[in-house]
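Data block below; observations after.
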Amino acid sequence: MRVDSNRAKLTMFVMLFVAGSAFLLASALVAVPGCLIGLAGWFIEALDAPDYFRGLAIAFGVSLAALLGAGSLAAAVQLSNAEDWVRLPLLRFGPAAGHSAILGARSQ
């Protein structure tokens, strides 16, 4: 029961972290520069603002989707290899006090 609640907490944390990171990156790399360019173009009347901002919204959505996909894939790969991060240092440096039970269970 405790392990399942920890997995649920880890899952929620990773999902929120990936979503928040993707949103902030898309905002910083697409929305903010795009809005500044759009406002500058609107002030000097060099572009059609509604069409520009409609295209900017599409570009923001596409970049957000791409970043969510890449972040989800990276998180899945890292979490699937998480056991190696714990097990390999134990095998490389030998059992420390309290870790011999883990190595004994793995070697059997």
Side-chain angles (χ1 to χ4, degrees):
M1 183 75 161
R2 181 175 168 211
V3 173
D4 290 334
S5 70
N6 286 342
R7 284 184 185 157
K9 288 178 185 177
L10 177 66
T11 302
M12 283 302 298
F13 171 77
V14 170
M15 286 178 14
L16 289 173
F17 182 79
V18 168
S21 298
F23 180 77
L24 289 174
L25 278 172
S27 296
L29 298 176
V30 176
V32 172
C35 284
L36 292 175
I37 292 169
L39 288 174
W42 179 63
F43 280 130
I44 62 171
E45 298 175 359
L47 56 84
D48 185 25
D51 288 338
Y52 176 80
F53 285 107
R54 190 175 304 114
L56 180 62
I58 292 170
F60 178 77
V62 169
S63 66
L64 181 62
L67 288 169
L68 280 172
S72 299
L73 180 65
V77 168
Q78 291 300 318
L79 287 175
S80 67
N81 294 331
E83 182 180 338
D84 294 338
W85 287 65
V86 173
R87 188 169 43 98
L88 289 179
L90 290 176
L91 294 175
R92 186 178 308 138
F93 299 116
H99 295 299
S100 59
I102 295 172
L103 287 176
R106 294 280 181 204
S107 64
Q108 292 176 357

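These values consider heavy atoms only, across backbone and side chains, with no hydrogens, waters or symmetry-generated copies. The chain is numbered in sequence order, starting from 1. The shown structure was predicted, so the numbers you read here are calculated from the model rather than taken from an experiment.
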Exercise for review: Grab the two heavy atoms, one from A31 and one from F60, that are nearest each other, plus how far apart they are.
Suggested key: CB-CD1, 3.8 Å

Check your understanding: Between the side chain of S80 and the main-chain N/O of V77, is any donor-acceptor distance below 3.5 Å?
Key -> yes

**Study point:** Contact summary for A26 and S63, nearest pair of heavy atoms
**Key:** CB-OG, 3.7 Å

Practice item. To the nearest 0.5 Å, tell me how far L73 CG sits from L68 CG. Key: 12.5 Å

Point to revise | L29 side, atom CG; L24 side, atom CG - distance, nearest 0.5 Å | key: 10.5 Å

Check your understanding: Going by the side chain to side chain donor-acceptor pair (under 3.5 Å) test, which pairs reach into residues 37-52, not counting sequence neighbours?
Key -> D51-R54

Practice item. Using a 4.5 Å cut-off on heavy atoms from C-beta on, say whether the side chain of K9 contacts that of M12. Key: no

**Study point:** For A59 against V30, the heavy-atom pair lying closest together
**Key:** C-CG1, 4.1 Å

Exercise for review: Mind listing the closest non-hydrogen atom pair of L79 and L10 along with its distance?
Suggested key: CD2-CD2, 4.1 Å

Exercise for review: Kindly give the heavy-atom pair with the smallest separation between V14 and A75, and that separation in Å.
Suggested key: CG1-CB, 3.8 Å

Review point. Side-chain heavy atoms under 4.5 angstrom apart, residues restricted to Ile, Leu, Val, Met, Phe, Trp, Tyr: same cluster for F53 and I37?
Key: yes

